[in-house]
Amino acid sequence: MNDIVSFGYEEVARDEKTRRVGGVFSSVASRYDLMNDAMSGGMHRLWKDRFVRRVKPRAGETILDMAGGTGDIAFRLAKNGAALTVADINPAMLGVGMERARKRGIEALVWTEANAETLAFSDKSFDAYTIAFGIRNVTDIPAALREAHRVLRRGGRFFCLEFSTTQWPGFAEVYDAYSHRLVPQLGKLLAGDADSYRYLIESIRRFPDMPAFEGMIRDAGFTRTAVEPIAGGLVAIHSGWKI
Ligand code: SAM
């Protein structure tokens with residue numbers, strides 16, 4: 001087993017990556033939502049709306065929103081009456097999410113601390129599994145995908161929203177310059193933390209491209225996999241079924 005993994009552009013031991021990713025999200029938790037708006041010019045809201053439309057949550061379904069952080073996806077998914085469990089490895093992110101839910105009067109969500117690689121849920125517990133902007137931060141991605149497959153019922157669906165590689169000519173260069181130069185500065189200005197935002201950008205570059213990630217989803221046991229690129233693949237929705 002390869003014991004070295006990427007942490008942004010650095011190569012680190014597995015435990016070290018998990019610890020440092022924890023440090024990143026503990027550091028940014030209180031400013032996370034503000035920074036998402038600042039970095040994406042509010043676009044992340046549209047991407048998340050589109051993602052949730054693809055999931056098509058229904059009343060009475062059970063959905064696990066993994067790496068759910070401050071609740072952005074779960075709040076949207078729960079609107080139609082689905083039963084939501086929000087799981088995240090980071091208590092600071094969950095804390096911000098629970099406070100947001102309290103302020104919005106959303107009481108029905110279950111919030112739980114969990115590592116996507118090793119879930120305590122029984123086999124076949126959920127109708128859908130969602131993970132948004134989370135999977136690239138997970139140390140052992142194949143293990144997390146296998147766990148997603150295990151906890152889904154037959155007929156269950158997997159949906160992942162993640163940054164990917166844009167194929168729009170010319171746009172990649174502009175985006176590269178923006179993300180590498182401006183995002184860490186924004187992070188310093190608004191969240192007092194340039195290094196965390198440097199990691200978040202670098203981790204996007206290290207994430208597998210769309211065909212490679214789709215292959216990983218298939219390797220975990222999912223069928224009828226699909227990829228929907230957004231903005232030429234700047235962001236992508238990957239999906240698959242457990243049958
Ligand atoms: N899904 C939320 C959203 O779209 O706004 C939060 C995304 S945030 C960029 C990434 C989240 O992944 C963080 O809350 C982080 O704690 C969580 N995370 C990282 N590694 C994880 C793991 N191994 N298991 C569960 N959550 C993890």
Side-chain angles (χ1 to χ4, degrees), residues 5-8 12 14-40 42-52 54-55 63-78 84-101 109 111-121 128-148 151 159-164 179 183 187 191 193 196-204 206-207 230 235-238:
V5 291
S6 68
F7 175 80
V12 299
R14 282 172 183 271
D15 289 359
E16 170 84 356
K17 168 157 179 168
T18 307
R19 196 181 58 73
R20 286 174 71 174
V21 168
V24 165
F25 287 105
S26 297
S27 164
V28 304
S30 63
R31 291 298 174 114
Y32 175 76
D33 299 302
L34 169 75
M35 272 299 289
N36 273 349
D37 277 332
M39 284 187 312
S40 73
M43 291 294 288
H44 75 108
R45 293 168 185 259
L46 303 180
W47 300 333
K48 287 170 175 170
D49 288 345
R50 180 156 163 181
F51 178 69
V52 167
R54 297 298 178 264
V55 179
I63 304 181
L64 175 60
D65 183 40
M66 181 51 62
T70 62
D72 259 9
I73 299 294
F75 296 158
R76 286 168 168 82
L77 286 168
L84 256 296
T85 300
V86 189
D88 198 287
I89 200 169
N90 193 299
M93 291 291 280
L94 288 171
V96 173
M98 285 188 270
E99 182 57 18
R100 288 177 84 201
L109 308 190
W111 299 83
T112 180
E113 208 175 307
N115 184 341
E117 299 165 12
T118 48
L119 298 178
F121 305 111
Y129 174 110
T130 54
I131 183 162
F133 303 117
I135 197 86
R136 76 177 192 282
N137 299 296
V138 171
T139 305
D140 188 344
I141 294 173
L145 294 173
R146 285 194 300 273
E147 280 293 81
V151 300
F159 283 92
C160 174
L161 178 68
E162 189 52 89
F163 288 103
S164 194
S179 55
V183 168
D193 183 350
S196 291
Y197 282 92
R198 195 164 294 119
Y199 155 73
L200 290 170
I201 293 301
E202 291 173 1
S203 64
I204 294 170
R206 298 298 298 258
F207 192 68
I230 303 173
V235 176
I237 298 173
H238 284 79

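Order of appearance sets the numbers: ligands from 1, and atoms from 1 within every ligand. All values below were derived from every heavy atom in this structure, side-chain atoms included, with hydrogens, water molecules and symmetry-related copies excluded.
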Legend entry - Per atom 21 (C) of ligand 1, closest listed option by heavy atom (Val86, Asn90, Ile89, Asp72):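 Comparing heavy atoms across Val86, Asn90, Ile89, Asp72, the nearest one to atom 21 (C) of ligand 1 lies in Ile89.
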Checking [X] side chain against [Y] main chain: does a donor-acceptor pair fall under 3.5 Å?
X      : Y      : answer
Glu117 : Ile141 : no
Lys17  : Ser6   : yes
Glu147 : Leu119 : yes

Which of the ligand 1 atoms, numbered from 1, are nearer than 4.0 Å to a heavy atom of [X]:
X      : value
Met93  : 14 (O)
Ala114 : 24 (N), 25 (C)
Gly68  : 1 (N), 2 (C)
Asn115 : 22 (C), 23 (N), 24 (N)
Ala116 : 22 (C), 23 (N), 24 (N), 25 (C)

Legend entry - Carboxylate-amine/guanidinium contact Asp72 Arg100, below 4.0 Å: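 The answer is yes: the pair qualifies as a salt bridge.
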Inset, instruction - Could you tell me whether Arg20 and Glu16 make a salt bridge, using a distance below 4.0 angstrom between a side-chain N and a carboxylate O? - result: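 Yes, this pair counts.
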Legend entry - Plane angle bin for Phe133 and Trp47 - parallel if under 30°, tilted between 30 and 60°, otherwise perpendicular: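 Aromatic pair Trp47/Phe133 classed tilted.
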Inset, instruction - Work out whether the distance between some heavy atom of Ala29 and some atom of ligand 1 is less than 4.0 Å. - result: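 Outside the 4.0 Å threshold, so no.
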Legend entry - Check: Phe7 ring centroid to Tyr199 ring centroid under 6.0 Å: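 Yes: the rings meet the under 6.0 Å criterion.
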Legend entry - With Asp193 via side-chain hydrogen bond (donor to acceptor under 3.5 Å, both in side chains) - residues at least two apart: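 Testing Asp193 for side-chain hydrogen bond (donor to acceptor under 3.5 Å, both in side chains), a comparison that skips the adjacent residues, returns Ser27, Ser196.
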At under 4.0 Å between heavy atoms, which part of [X] makes contact with ligand 1: side chain, backbone, both or neither?
X      : result
Phe133 : both
Ala144 : neither
Lys48  : side chain

[X] N/O to ligand 1 N/O under 3.5 Å:
X      : result
Val21  : no
Phe25  : no
Asp65  : no
Thr139 : no
Asp88  : yes
Ala67  : yes

Legend entry - Between CE on residue Met39 and CD1 on residue Ile201, distance to nearest 0.5 Å: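 Result: 6.5 Å between the selected atoms.
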Legend entry - Closest non-hydrogen atom pair, Ala74 against Leu109: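 Result for this residue pair: CB-CD1, 4.0 Å.
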Legend entry - Within residues 84-96 or reaching into it, pairs that qualify as side chain to side chain donor-acceptor pair (under 3.5 Å) - sequence neighbours excluded: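 Checked against side chain to side chain donor-acceptor pair (under 3.5 Å) - neighbours excluded - the pairs reaching residues 84-96 are Ser26-Asn90.
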Legend entry - Closest approach of any protein heavy atom to atom 3 (C) of ligand 1, naming residue and atom: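 Sorting protein heavy atoms by distance from atom 3 (C) of ligand 1 puts Tyr32 OH, 3.5 Å first.
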Inset, instruction - If you have a sec, work out which protein heavy atom is nearest atom 19 (C) of ligand 1 and how many Å separate them, to one decimal? - result: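 Among all protein heavy atoms, the one nearest atom 19 (C) of ligand 1 is Asn137 CB, 3.7 Å.
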